[in-house]
Amino acid sequence: GAVVSQHPSWVICKSGTSVKIECRSLDFQATTMFWYRQFPKQSLMLMATSNEGSKATYEQGVEKDKFLINHASLTLSTLTVTSAHPEDSSFYICSAWTGAGNTIYFGEGSWLTVV
Amino acid sequence: GQNIDQPTEMTATEGAIVQINCTYQTSGFNGLFWYQQHAGEAPTFLSYNVLDGLEEKGRFSSFLSRSKGYSYLLLKELQMKDSASYLCAVRDRSGTYKYIFGTGTRLKVLA
């Protein structure tokens, strides 16, 4: 089946620094990738939708200058949390869509802790 | 905008049947999905409905009524391992395609 790899699985960073999370589709080309964040005991909140080669579309309330998304190739999208603060600590998870069919494929998720 | 609601928590007994409801309001409906998620893990796909009616897949069934903006996931012969969160998600095509998740239902299965 389709595999999406997300890295790192766990990251701890200091307040004020930036951290990058990668999402790779390993055996298919992902026209579109979606980035979600999830707080404990809550559902997935869509942050942004990124299409290869174009600017990401951010959901209302998500700061595009703080959460930088790049989708430079059909197999890689990155999320950079800039100037991280403790309130950015969360589970971030990506999913990828081939552009055809119905199924989206999730990465394993990344736990970010900002101290 | 989109609004997708589910009960927050449910409890059921091993071997029983449980129905998890989902109501949605979205401007560009293009399919409804159910996912299972264990804590700290990625969601796993359970079912997909785009037309009205019931889709059955082993112990899991999912129903959709587009006119009512309503879906449910039915889990039969509950097992302890079914304790998890169940997420209803709607694919919206009003702009770019996107998948919006509901509030999620935490199901606890008791022995």
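Per chain, numbering begins at 1; letters A, B, ... match sequence-line order. Just so it is clear, the values below take in all heavy atoms, side chains as well, and ignore hydrogens, waters and symmetry mates.
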Q. Are B:Val109 and B:Tyr86 connected in the hydrophobic side-chain network, where two residues link if heavy atoms are under 4.5 Å apart?
A. yes
Q.
If hydrophobic clusters are built by linking Ile, Leu, Val, Met, Phe, Trp and Tyr wherever their side-chain heavy atoms come under 4.5 Å apart, do A:Ile21 and A:Phe34 end up in the same one?
A. no
Q. Can you name the residues that form a salt bridge (Lys or Arg N to Asp or Glu O under 4.0 Å) with A:Lys20, not counting sequence neighbours?
A. none
Q | Cluster link B:Phe29 to B:Leu73, ILVMFWY, side chain under 4.5 Å | A | yes
(Q) Are the side chains of A:Tyr105 and B:Phe45 in contact, using a 4.5 Å heavy-atom criterion? (A) no
**Q.** Which portion of A:Gln60 sits near chain B, non-hydrogen atoms under 4.5 angstrom
**A.** neither
Q | Distance-minimising heavy-atom pair for A:Trp97 and B:Arg91 | A | CZ2-NH1, 3.8 Å
Q. Is chain A contacted by the side chain of B:Ser85, its backbone, both, or neither, given a heavy-atom distance below 4.5 Å?
A. neither
(Q) At a 4.5 Å cut-off on heavy atoms, which part of A:Ile104 comes close to chain B: side chain, backbone, both, or neither? (A) both
(Q) Hydrophobic clustering (ILVMFWY, side-chain heavy atoms < 4.5 Å, transitive) - are B:Leu74 and B:Val18 grouped together? (A) no
Q.
Please evaluate residues B:Tyr35 and A:Phe106 with respect to the criterion ring pair (Phe, Tyr, Trp, His ring centres under 6.0 Å), reporting the C-alpha separation (whole Å), side-chain torsions for both, the decisive distance (0.1 Å), and the verdict.
A. CA-CA 11 Å; B:Tyr35 287 84; A:Phe106 282 91; 5.5 Å; yes
Q) Hey, does A:Asn102 have a side-chain heavy atom less than 4.5 Å from the side chain of B:Phe33? A) yes
Q) Quick one: do A:Phe91 and A:Trp35 end up in the same hydrophobic cluster if we chain Ile, Leu, Val, Met, Phe, Trp and Tyr together by side-chain heavy atoms under 4.5 Å apart? A) no
(Q) For A:His7, I'd like to know if atom NE2 has over 12 heavy atoms of other residues, nucleotides or ligands within 6.0 Å. (A) no
Q | Per-residue contact mode, A:Ile93 against chain B (heavy atom under 4.5 angstrom) | A | side chain
Q | Heavy-atom contact with chain A under 4.5 Å, split by part of B:Gln37 | A | side chain
Q.
Given heavy-atom pairs under 4.5 angstrom as the criterion, report whether the side chain, backbone, both or neither of B:Tyr48 touches chain A.
A. side chain
Q. Can you say whether A:Gln6 sits under 4.5 Å from chain B via the side chain, the backbone, both, or neither, judging by heavy atoms?
A. neither
Q) When you look at NZ of A:Lys55, are more than 12 heavy atoms from neighbouring residues, nucleotides or ligands closer to it than 6.0 Å? A) no
**Q.** Non-hydrogen atoms of A:Ser43 and B:Phe101 that approach each other most closely
**A.** OG-CB, 3.7 Å
Q. Quick one: NZ on A:Lys41 to OG1 on B:Thr8, what's the gap to the nearest 0.5 Å?
A. 11.5 Å
Q.
Tell me whether B:Gln19 at atom CD has more than 12 heavy atoms from other residues, nucleotides or ligands lying less than 6.0 Å away.
A. yes
**Q.** Interatomic spacing from CG in B:Leu87 to CD in A:Gln38 - rounded to 0.5 Å
**A.** 7.0 Å
(Q) For chain A, which candidate among B:Gly31, B:Gly40, B:Pro43, B:Ala89 shows the most heavy-atom pairs at distances under 4.5 Å? (A) B:Pro43
**Q.** Over all atoms of both residues, closest heavy-atom pair of A:Glu59 and B:Lys98
**A.** OE2-NZ, 3.0 Å
**Q.** Where B:Ala42 and A:Gly107 come nearest, the two heavy atoms and their spacing
**A.** CB-O, 3.0 Å
